[in-house]
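For the numbers below, each heavy atom of this structure counts, side chains included, while hydrogens, waters and symmetry mates do not. Since we're looking at a predicted model, the values are computed, not measured. Each chain gets a letter, A, B and so on, in the order its sequence line appears, and its residues count up from 1.
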There are 2 protein chains.
Amino acid sequence: MADTPELDERKETILHAVIDTYLATGEPVGSRTISKYTDLKLSSATIRNEMADLEDMGYVVSPHTSAGRIPTDKGYRFYVNQMMSVMKDINAREEDVQEREQEVQEMKKFLNEKVDRVDTLLQNVAKLLANNTNYATMVTTPQMSGNKLKFVQLTALGDKKVLAVIVMDGNLIRNKVFDFSEEITQEQILKLNILLNTTLNGLTLEQMNMSIISKMEQQAGPHGPLVREILNAIVETIQNADHLQIYTSGATNIFKYPELSDSSTASELISTLEEKQMLTNLVKADLEGDNETGIQVYIGEETPVETMKDCSVVTATYELQDGMKGTIGIIGPRRMDYEKVVGTLKTIRTELDGMFKKQS
Amino acid sequence: MADTPELDERKETILHAVIDTYLATGEPVGSRTISKYTDLKLSSATIRNEMADLEDMGYVVSPHTSAGRIPTDKGYRFYVNQMMSVMKDINAREEDVQEREQEVQEMKKFLNEKVDRVDTLLQNVAKLLANNTNYATMVTTPQMSGNKLKFVQLTALGDKKVLAVIVMDGNLIRNKVFDFSEEITQEQILKLNILLNTTLNGLTLEQMNMSIISKMEQQAGPHGPLVREILNAIVETIQNADHLQIYTSGATNIFKYPELSDSSTASELISTLEEKQMLTNLVKADLEGDNETGIQVYIGEETPVETMKDCSVVTATYELQDGMKGTIGIIGPRRMDYEKVVGTLKTIRTELDGMFKKQS
DNA sequence: ATTAGCACTCATTTTTCAAGAGTGCTAATA
DNA sequence: TATTAGCACTCTTGAAAAATGAGTGCTAAT
């Protein structure tokens, strides 16, 4: 608003100190503590005055008259913003990289071991993150946009059943078995294969509109209804392939934080993680808000998921070469270790890209 | 042991009454309550004496001197055994069927609506069960035994990649893409297809032993290593197809039962449900113990999963026509409504069979 | 064999009290 | 004018004490 910053330097230092200590201890922090903690060389009385100001400005509150202060969402927001802008320049502090080196190595090793499917990989990522951070985590499958059909291959299975193998760009493969009302011959299948592939190959889902479909139905002549059935299956399958899946892990980590572990809050949270339905909001918000870093921090009420208003959520977008995007999220208490979490997510984001290149 | 039953009729009645009331209230039940509850027309003092006997025999305990009694595992076991033997004759009480009729209808409707994949169906079953019973639930994918290979189909994807579509009996289909070190021609693929299918079709996993593999390697001549690679992929894929998947739901229902919701117990339980790893014990135990009814009740310490020793678990085997077997489990507090749970599971077991026939 | 009566036990709840942490305000100080 | 020391006051926390009440075990009466 004003062009002078709202907080002078001393207030900033004090606020930072308050939040730092609160993150570490989880207890309201008093003026005496700060007066010792900082190198400001100020008495507790002075700090008290400053803290009263900070309270007026809405950065901190005291839970009751004779307690220390705890940060408000606004306070956390200040802290995180400051942190993010510092991190942008430095990208990753030497010591942090050092410290996380081992983690990454361990992760790589673990991931390379028994991973033959992307979903297993993602599940493992969730699990590892949960273990390393002590927060709850979620990881989504990558979402493709503008999926192109590479080819379709029909095969008779006998018994009036036909197997359609649908291959999309990026070698994403889906199967669909369907029953016909009557037995189908080898020639018919051959014909259908040719018809489907000459018309559809290279098209995106959006391009398979009504006009193309009805044209194909005409060309198929007597097999019109059959073609329609197959097309529907294809469309549905492609849509399904794009179906968002969410893996979560470490839900019970929330019991490590007293402010979240009273049973009603905990129950609600775990439910949300278990049902996964509501987590899609998180993903949407994450994919839309494209800041440069690919990292998004939601503090308390800011989070797009109703049931998580007592938590903070940090999300990261990971992106594969083909423009497939997915989301990783970390859910913890407001007083989470933002610095470590953001750092870890930045690392994972990068690593994940490399790993996917190895997997097909 | 002795040929006279350990409990005379009066003791049985009283024990039954104690357990019944305890199931309903969750509080230790005292002698006065029982003296009113039963039609035995006995004073509380008499009941007190009988209860003291029951305590000596290990069917009940009092949590402290001046409290009522609660059932021990042995007590529950008696209760459940009695119930199961009664149910075997009656199969399903008229009123229960009536009462559950609506549930089943609702379920069928829901399941038929948006279910196009077996795994979604099973997930929904878990969810519905959890909602209807207020306990935590798990459902496994059906396990096949002696999976036979129907055929394999290799297709070039270009870019040194080959798609293998593996079709098993029961039209279970898996895909696997793999990279070769060098480009592969159309003829080579054709040859490989023929070689693979003439040799392998109709074989189970167990039959693909070393002698067959090395024989094929020889026949393939220069493509030996290639064939080996493909075979490995096939074997792995089939094993993977048989990979047990477990869906859980309603984990947070455990918060409805105070005896389970202190945070360490709850955390451990939810973890187990989330990780799913340990639940396989449950499945194994369920599939092995083949009693006539297909229903198995584990009380407290009896359960094959360590972390669930404060719970009771009821499992049911469902079986599809092709001999595929899966497990449904309900996890709740010791004082769960065994009668309702067993009844519901019996119904679901039957319904599920019908539904699978509809799905492919 | 059953029951009434009574003393006793122990968990639970409520009340009371003391300790401690931290604040806000005022007056003194540099 | 900005800082600090000092003090009264507030409110949480924890422990101890007291009251409540449900339920038992035992004895003596029926």
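- Within the nucleic acid shown, B:Ser62 has no heavy atom closer than 4.0 Å to any nucleic acid atom.
- No side-chain heavy atom of B:Arg32 sits less than 4.5 Å from a side-chain heavy atom of B:Ile47.
- A:Ser66 contributes a side-chain N or O that forms a donor-acceptor pair with the base of D:dT10 under 3.5 Å.
- If you measure from atom NE2 of A:His64 to atom C1' of D:dT13, you get 9 Å, rounded to the nearest angstrom.
- Here the P atom of nucleotide D:dG23 and the CD atom of B:Glu55 are 15 Å apart, to the nearest Å.
- Note: CD (A:Glu27) to P (D:dT12) measures 15 Å, nearest angstrom.
- Taking a cutoff of 4.0 Å between a charged side-chain nitrogen and a carboxylate oxygen, A:Arg335 and A:Glu259 qualify as a salt bridge.
- Across all strands shown, C:dG24 pairs with D:dC7; the Watson-Crick or G-U wobble distances both stay below 3.5 Å.
- For the pair A:Ile34 CD1 and C:dA21 P, the interatomic distance rounds to 17 Å; values are reported in whole Å.
- Phosphate proximity of C:dT2 to B:Arg10: present, with a side-chain N or O under 4.0 Å from OP1 or OP2.
- Contacts of B:Ser44 with the nucleic acid, taken as non-hydrogen atoms under 4.0 Å apart, are absent.
- Between the side chain of B:Tyr338 and the backbone N or O of B:Arg334, at least one donor-acceptor pair lies under 3.5 Å.
- Comparing A:Ala45 and B:Thr65 against DNA chain C, the residue whose closest nucleotide sits nearer the 5' end is B:Thr65.
- Each of A:Leu42 and A:Pro63 lies near DNA chain D, and the nucleotide nearest A:Leu42 is the one positioned closer to the 5' end.
- The phosphate of C:dT2 has neither OP1 nor OP2 within less than 4.0 Å of any side-chain N or O from B:Thr46.
- The base of C:dG5 sits with one of its N or O atoms less than 3.5 Å from a complementary donor or acceptor on the side chain of B:Arg48.
- Atom-to-atom, CG of A:Asn49 to P of D:dA2 comes out at 11 Å; the value is rounded to the nearest Å.
- In this structure, CD1 of A:Ile70 is placed 19 Å from P of C:dA21, rounded to the nearest angstrom.
- C:dG24 atom C1' lies 17 Å from atom CZ of A:Arg32, rounded to whole Å.
- One atom, CE of A:Met51, and another, P of D:dT4, lie 15 Å apart when rounded to the nearest Å.
- The existence of a salt bridge linking A:Glu302 and A:Lys309 is excluded, since no basic side-chain nitrogen approaches an acidic carboxylate oxygen closer than 4.0 Å.
- Between atom CG of residue B:Asp262 and atom CZ of residue A:Phe255 there is a gap of 9.5 Å, rounded to the nearest 0.5 Å.
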